[in-house]
Colleague: 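Just passing along the structure, written as structure tokens.
Note that the numbering runs from 1 along the sequence shown for the chain.
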Amino acid sequence: MDSRAGLAATPGALPYYVAFSQLLGLTVVAMTGAWLGLYRGGIAWEGALQFNVHPLSMVIGLIFLQGDALLVYRVFRNETKRTTKVLHGLLHVFALVIALVGVVAVFDYHRKKGYADLYSLHSWCGLLVLVLYFLQGQVQ
């Protein structure tokens, strides 16, 4: 019998999958930043560029950081459970905070311009995703 039977087996290709996922995630963040910088004028908290904070925040928070939070238990299999839980939780909290910054930016932009809030299916689905994401952390 194998002496490592009690340890969780790590697939040999896992480091390559993780590296690929990180590269892909950083590429998406960089492409979003480049798109906002080159074609949408950049980002700023005041003025017309405030709206551009939203897509960058959503990509960083809900795509990149949330994906990293999900990978923690696979990547750090040899660490203590407490360590992985803390890292997992911190990444989810950072993802939620950054996503909230993006939502606040949109609502503030709409308020300053006099636009109606929650007028599209995109906004309602996005708000539902954010509420469910927050509630998921409260249930555990």
Side-chain angles (χ1 to χ4, degrees):
M1 183 174 251
D2 189 6
S3 63
R4 293 178 39 131
L7 298 175
T10 302
L14 183 64
Y16 299 110
Y17 292 140
V18 171
F20 179 70
S21 73
Q22 293 303 297
L23 182 63
L24 190 62
L26 289 172
T27 301
V28 170
V29 170
M31 286 177 65
T32 304
W35 168 65
L36 291 170
L38 295 173
Y39 298 105
R40 305 264 310 163
I43 62 171
W45 193 257
E46 295 295 327
L49 300 178
Q50 182 176 6
F51 186 83
N52 293 349
V53 172
H54 175 73
L56 188 61
S57 295
M58 295 299 123
V59 167
I60 291 171
L62 296 180
I63 304 294
F64 186 69
L65 288 178
Q66 185 180 10
D68 280 354
L70 298 174
L71 282 174
V72 163
Y73 286 109
R74 293 286 180 194
V75 173
F76 298 110
R77 288 180 172 212
N78 297 328
E79 299 298 324
T80 64
K81 184 164 182 146
R82 180 179 175 91
T83 303
T84 53
K85 283 182 83 164
V86 167
L87 183 58
H88 176 76
L90 282 174
L91 285 170
H92 274 303
V93 167
F94 289 149
L96 181 63
V97 167
I98 291 173
L100 285 174
V101 167
V103 170
V104 167
V106 167
F107 277 101
D108 193 43
Y109 176 79
H110 282 179
R111 184 184 52 78
K112 289 176 183 174
K113 291 287 188 180
Y115 298 155
D117 291 320
L118 303 173
Y119 60 89
S120 68
L121 182 62
H122 173 90
S123 59
W124 282 102
C125 288
L127 192 60
L128 179 65
V129 164
L130 201 61
V131 167
L132 291 175
Y133 187 63
F134 176 75
L135 289 176
Q136 175 184 320
Q138 302 305 312
V139 174
Q140 295 176 359

Colleague: Look at atom CH2 of Trp124 and say whether more than 12 heavy atoms of other residues, nucleotides or ligands are closer to it than 6.0 Å.
Modeller: no
Colleague: So how far is it from Leu91 CG to Leu96 CG, rounded to the nearest 0.5 Å?
Modeller: 12.5 Å
Colleague: Please answer: with hydrophobic residues joined when any side-chain heavy atoms are less than 4.5 Å apart, are Tyr109 and Tyr119 in the same cluster?
Modeller: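 In one cluster with Tyr109: Tyr119, no.
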Colleague: So, taking the atom named OG1 in Thr32 and the one named CD1 in Ile43, what distance separates them when rounded to the nearest 0.5 Å?
Modeller: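 Answer for the OG1-CD1 pair, Thr32 versus Ile43, is 11.0 Å.
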Colleague: Would you kindly confirm whether Phe134 and Phe107 end up in one hydrophobic cluster when ILVMFWY residues are joined by side chain heavy atoms under 4.5 Å apart?
Modeller: yes
Colleague: Answer yes or no: is there a side-chain heavy-atom contact under 4.5 Å between Met58 and Val103?
Modeller: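 Heavy-atom side-chain distance check passes, below 4.5 Å.
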Colleague: Would you sort out whether Gln66 and Tyr133 count as a side chain to side chain contact (heavy atoms under 4.5 Å, CB included), showing the intermediate values?
Modeller: CA-CA 10 Å; Gln66 185 180 10; Tyr133 187 63; 3.2 Å; yes
Colleague: Would you say Val75 and Leu26 are hydrophobically clustered, going by side-chain heavy atoms of ILVMFWY under 4.5 Å?
Modeller: yes
Colleague: Tell me, do Asp117 and Arg111 make a side-chain contact under 4.5 Å, heavy atoms counted?
Modeller: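 No, every pair of side-chain atoms sits at 4.5 Å or beyond.
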Colleague: I need the minimum non-hydrogen distance between Leu23 and Thr27, along with the two atoms involved.
Modeller: O-OG1, 2.6 Å
Colleague: Ignoring hydrogens, what is the shortest heavy-atom contact between Ala44 and Val53? Give both atom names and the distance.
Modeller: O-CG2, 3.7 Å
Colleague: Using a 4.5 Å cut-off on heavy atoms from C-beta on, say whether the side chain of Asn52 contacts that of Trp35.
Modeller: no
Colleague: Atom CG of Leu56 and atom CD1 of Ile98: how far apart are they, to the nearest 0.5 Å?
Modeller: 9.0 Å
Colleague: Is there side-chain contact between Trp45 and Val101, with at least one heavy-atom pair below 4.5 Å?
Modeller: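 Trp45 vs Val101: side chains touch.
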Colleague: For Lys112, what residues pass the salt bridge (charged side-chain N to carboxylate O under 4.0 Å, His left out) criterion, not counting sequence neighbours?
Modeller: Glu46, Asp108
Colleague: So do the side chains of Leu100 and Leu130 get within less than 4.5 Å of each other, counting heavy atoms only?
Modeller: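 In contact.
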Colleague: Would you kindly confirm whether Val18 and Val28 end up in one hydrophobic cluster when ILVMFWY residues are joined by side chain heavy atoms under 4.5 Å apart?
Modeller: yes
Colleague: Are any of the side-chain heavy atoms of Val106 and His110 separated by less than 4.5 Å?
Modeller: yes
Colleague: How long is the straight-line distance from NE2 of His92 back to CG of Asp68, given to the nearest 0.5 Å?
Modeller: 10.5 Å
Colleague: Taking all atoms of both residues into account, what is the closest heavy-atom pair of Gln50 and Ala105, and its distance?
Modeller: NE2-O, 3.6 Å
Colleague: Where do Gly42 and Leu49 come nearest, in terms of heavy atoms and distance?
Modeller: O-CD2, 3.8 Å
Colleague: Verify the cluster assignment for Leu132 and Leu65: are they in a single hydrophobic cluster under the rule of side-chain heavy atoms below 4.5 Å apart?
Modeller: no
Colleague: Counting C-beta onward and ignoring hydrogens, is there a side-chain heavy-atom pair between Leu87 and Phe76 closer than 4.5 Å?
Modeller: yes
Colleague: Provide the closest heavy-atom pair for Ala95 versus Gly61 in the form atom of the first, atom of the second, distance.
Modeller: CB-O, 3.1 Å
Colleague: Once rounded to the nearest 0.5 Å, what's the spacing between atom OG1 of Thr83 and atom CG of Asn78?
Modeller: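 Reported value, rounded in 0.5 Å steps: 12.0 Å.
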Colleague: How long is the gap from NZ on Lys81 to OH on Tyr73, to the nearest 0.5 Å?
Modeller: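 The OH atom of Tyr73 is 6.5 Å from NZ of Lys81, to the nearest 0.5 Å.
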